[in-house]
Amino acid sequence: MSEETRDKDGVSRRDFLGLAAFGTAILGVVSSVAGSLRYIKANVYFEESKKFKVGTVENFPIGSVKKLDDKNVFIFSEEAGLFAISAICTHLGCIVSPVDFGFQCPCHGSQFNHIGNVIGGPAPRALEWFEISQEIDGSLAIDTAKTVSQGTKYLFA
Ligand code: FES
């Protein structure tokens, strides 16, 4: 028959190991529950909408060109309607500037005509055109997530 070894407080080695195992088990359960709690909340990334309002048709008198600096979009107003062209160069993403013949990129010299077609430089394709739509409140909205084919214009009602 074996004798239990007890320290001066009377805790045996068996009791100590039992308590240690129990404590470890509790710690494991608490850790796994805490780890599981992060899955209760959906892992959603919030991204700013690429659709934004630009005001009413009256903000764009025929013949005007407006650049929305914070959105990198040019809005042209012509007799035939409104259209929106990206100011982001299709080469490496610099912001183009309006010039006599259309647009010029300051980074590597790409040139685009007045409707965004490449006429010089390394840019591989034309500037993008974006969808313009009318919202329920009557204001116009541009959606830079929706490209449209060149020549697509928002027609004045
Ligand atoms: S980024 Fe426009 S030409 Fe290179």
Side-chain angles (χ1 to χ4, degrees), residues 17 19-157:
L17 292 175
L19 284 173
F22 182 73
T24 304
I26 293 295
L27 189 64
V29 168
V30 168
S31 309
S32 64
V33 167
S36 301
L37 289 177
R38 72 178 293 270
Y39 294 108
I40 290 175
K41 187 176 175 195
N43 218 4
V44 176
Y45 297 100
F46 294 98
E47 188 174 307
E48 184 181 342
S49 172
K50 297 197 183 272
K51 188 174 186 178
F52 51 90
K53 292 182 180 180
V54 294
T56 60
V57 171
E58 289 74 36
N59 293 350
F60 305 98
I62 292 173
S64 68
V65 179
K66 286 192 177 180
K67 182 180 180 208
L68 306 177
D69 287 327
D70 58 331
K71 304 293 183 185
N72 293 322
V73 172
F74 291 100
I75 303 173
F76 293 81
S77 179
E78 295 180 345
E79 291 276 348
L82 286 173
F83 55 100
I85 297 180
S86 172
I88 299 173
C89 179
T90 55
H91 179 223
L92 293 177
C94 291
I95 305 304
V96 300
S97 300
V99 290
D100 290 345
F101 54 79
F103 306 95
Q104 171 94 38
C105 181
C107 294
H108 311 103
S110 285
Q111 298 175 327
F112 305 87
N113 68 10
H114 67 285
I115 60 170
N117 284 329
V118 179
I119 55 175
R125 61 186 185 282
L127 298 174
E128 294 180 321
W129 284 45
F130 298 126
E131 179 184 89
I132 300 178
S133 59
Q134 188 169 32
E135 299 291 288
I136 291 175
D137 63 3
S139 63
L140 299 175
I142 295 175
D143 191 345
T144 57
K146 293 183 180 173
T147 57
V148 295
S149 57
Q150 265 186 8
T152 305
K153 296 178 181 172
Y154 174 82
L155 303 178
F156 296 112

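Each ligand, and each atom within it, is numbered from 1 in the order the structure gives.
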Once you measure the plane-to-plane angle for Phe76 and Phe83, does it fall in the parallel (<30°), tilted (30-60°) or perpendicular (>60°) bin? parallel

Which of the atoms in ligand 1, numbered in the order shown and given with their element, are less than 4.0 Å from a heavy-atom of Cys89? 1 (S), 2 (Fe), 3 (S)

Which of the numbered atoms in ligand 1 are below 4.0 angstrom from a heavy atom of Cys94? 1 (S)

Nearest N/O/S atom of His108 with respect to atom 4 (Fe) of ligand 1, by atom name, please. ND1

SB check Lys53 Glu135 (cutoff 4.0 Å): no

Of all heavy-atom pairs linking Ala141 and Lys51, the shortest is CB-CE, 3.8 Å

Element-labelled atoms of ligand 1 that are located less than 4.0 Å from some non-hydrogen atom of Ser110: 3 (S)

Any idea which heavy atoms bring Leu82 and Ser77 closest together, and the distance? CD2-CB, 3.4 Å

Taking both backbone and side-chain atoms into account, decide whether Cys105 has an N/O/S atom under 2.8 Å from atom 2 (Fe) of ligand 1. yes

What I want to find out is whether Lys153 reaches Glu131 closely enough, with some N-O distance under 4.0 Å, to be called a salt bridge. no

Could you tell me whether the SG atom of Cys105 lies less than 2.5 angstrom from the SG atom of Cys94? no

Does the shortest distance from atom 4 (Fe) of ligand 1 to an N/O/S atom of His91 fall below 2.8 Å? yes

At less than 2.8 Å, would any N/O/S atom of Cys107, backbone or side chain, sit next to atom 4 (Fe) of ligand 1? no

Atom 1 (S) of ligand 1: which protein heavy atom is closest, and how many Å away? Leu92 N, 3.3 Å

